[in-house]
Each structure stands twice: as structure tokens, then as C-alpha cells.
K.L.:
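First the structure, which I've put down as C-alpha cells, then a few questions once you've had a look.
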Amino acid sequence: MNIKEKAAYIKGLISGLELEDTKENKILNAIVDWMDDISISISNLDEDVNDICDQLDILDEDLADVEEEVFEDECGCNCGDKCDCKDCDCECDCDDECGCGCNDDAYYEIECPSCGEKICLSEDALLEEKMDCPNCGELLEFDIPECCECKCEDDCEDNCDCECHRGE
């Protein structure tokens, strides 16, 4: 039973009591009428919210189509024509000095061990080493191994001057 039906039910119960016309009963009837008006307003708001949600879903789908068309290039990595990143299918060898900005905003997908929900985190968020899961509130801790300053992850080129390449 929704709120509108409950208000009508209570109004019917009070009408069925056939109470005398006293001041107390007038107040009770006024409260029931007020409750009926509120239930109609809430019902109208629910319909409006549902309509807005439907429109928002349509806009979200349209925006996703536009983003895909505007930002994604041939290799699929969203970094533009001068692609030098490792995350795409093109034939490039990125040493994080390519200048295309493709690795500036790297995101990583993790799974919460408590609720199993997948969470996308930026590199900066991971470097903070802990956070609360936005889904279940569980404290998540990240143990990020230290690497060299160039962030090459031990996959350096021969001309790299980082600790991992020099054997330090």
C-alpha cells in the first residue's frame, strides 16, 4: 500500500466511525485532510523524480557516446595522435617522458575484499595508502612497492639513469 492509499484508508476509517460533530473531531478531520493533501504531493514528487531519472539516464548515454566520439582515438587510449603509452594496442614504447600526457591521470581498478565492489582509483589515491570503501565503508589499505623516481617499474630503457637500472 502506497502513501496515498494509506491516507485514503485512514480517512475512510474515521468517516466510518460516524463521530459526533465536536471540536476534537473537527481537528481530527482537518488532520486527515491535511495528510491526504501531503500524500498527493508526495505521490506527484515521486512521479517527477522518476521522470527526471529517466531523462538523466538518456543524457548519460548520450554523453557517453559524445565522449567516446570526441576523446577516443584510433588506438583507444585517449591520448591523442602522439601516442607513446603502454596501455594501448599501438606500436609504441612509452618511457613516461613522451609528453602526450597519457599517463598523467592513470586510474586503477581494485576490488573491495569485503563487499566485492570494483572501485576506480587514481594513482594519487593509491599513494595515500589507505581509504574507506565508498560502498561498504571498510578500511582499505594499499601496499605500494617503492620503485625508482622515473616510475619505470623496472622496465627501463638502457639510457635510463634510475636506481633500478643502475642496480642500486
Side-chain angles (χ1 to χ4, degrees), residues 1-81 83 85-90 94 96 100-147 151 153:
M1 200 181 317
N2 65 34
I3 195 166
K4 196 173 178 181
E5 292 168 341
K6 287 179 184 178
Y9 176 73
I10 292 172
K11 190 173 188 176
L13 286 176
I14 291 176
S15 295
L17 292 175
E18 297 178 3
L19 300 172
E20 296 177 17
D21 198 18
T22 63
K23 292 180 182 180
E24 291 85 7
N25 291 336
K26 287 181 183 181
I27 291 174
L28 187 58
N29 285 328
I31 291 172
V32 170
D33 287 339
W34 174 67
M35 184 175 57
D36 189 42
D37 292 342
I38 289 175
S39 70
I40 290 170
S41 294
I42 290 173
S43 179
N44 291 339
L45 286 173
D46 284 343
E47 290 174 14
D48 291 345
V49 167
N50 288 336
D51 290 343
I52 290 170
C53 287
D54 291 342
Q55 291 174 0
L56 187 60
D57 288 341
I58 292 169
L59 286 174
D60 186 43
E61 290 172 9
D62 290 345
L63 180 60
D65 292 343
V66 169
E67 286 174 340
E68 184 176 324
E69 186 69 31
V70 171
F71 296 114
E72 191 166 309
D73 61 5
E74 294 173 4
C75 68
C77 71
N78 299 330
C79 65
D81 293 336
C83 181
C85 65
K86 293 179 182 177
D87 297 330
C88 64
D89 295 332
C90 61
C94 183
D96 282 333
C100 71
C102 59
N103 292 323
D104 291 346
D105 294 326
Y107 285 90
Y108 302 91
E109 186 176 278
I110 65 164
E111 185 174 313
C112 176
S114 294
C115 66
E117 289 293 320
K118 292 185 180 182
I119 306 164
C120 287
L121 297 174
S122 68
E123 186 173 356
D124 292 337
L126 283 175
L127 291 175
E128 290 181 19
E129 296 184 352
K130 63 182 173 180
M131 68 172 278
D132 292 331
C133 174
N135 299 309
C136 68
E138 179 74 22
L139 178 65
L140 305 174
E141 297 184 72
F142 313 112
D143 185 19
I144 311 295
E146 292 292 326
C147 186
K151 300 179 184 175
E153 298 176 15

K.L.:
Can you tell me how far CG of L56 sits from CD1 of I52, rounded to the nearest 0.5 angstrom?
P.N.:
9.0 Å
K.L.:
First locate atom CD1 of I38, then atom OG of S43, and finally report the distance between them rounded to the nearest 0.5 Å.
P.N.:
13.5 Å
K.L.:
Identify each donor-acceptor pair in which a side-chain atom of residues 21-31 lies under 3.5 Å from a protein atom, sequence neighbours left out, and give them as a table.
P.N.:
residue	atom	partner	partner atom	Å
T22	OG1	E24	OE1	3.4
T22	OG1	N25	N	3.3
T22	OG1	N25	ND2	3.2
N25	ND2	E20	O	2.4
N29	ND2	N25	O	3.2

K.L.:
So, taking the atom named CG in D46 and the one named CG in D51, what distance separates them when rounded to the nearest 0.5 Å?
P.N.:
11.0 Å
K.L.:
Starting at OG of S114, measure out to CG of L139 and round the result to the nearest 0.5 Å.
P.N.:
9.5 Å
K.L.:
First locate atom CG of D57, then atom CD of E61, and finally report the distance between them rounded to the nearest 0.5 Å.
P.N.:
6.5 Å
K.L.:
Extract all donor-acceptor atom pairs below 3.5 Å that involve side chains of residues 2-12 and protein atoms in other chains or at least two apart in sequence.
P.N.:
residue	atom	partner	partner atom	Å
N2	OD1	K4	N	3.0
N2	OD1	E5	N	2.8
E5	OE1	N2	N	3.0
K11	NZ	D33	OD1	3.3

K.L.:
Are L127 and E123 close enough, and set up right, to give a side-chain contact (heavy atoms from CB on, under 4.5 Å), and what steps lead you there?
P.N.:
CA-CA 6 Å; L127 291 175; E123 186 173 356; 4.2 Å; yes
K.L.:
As an exercise, state the distance from CG of L121 to CD1 of I110, rounded to the nearest 0.5 Å.
P.N.:
4.5 Å
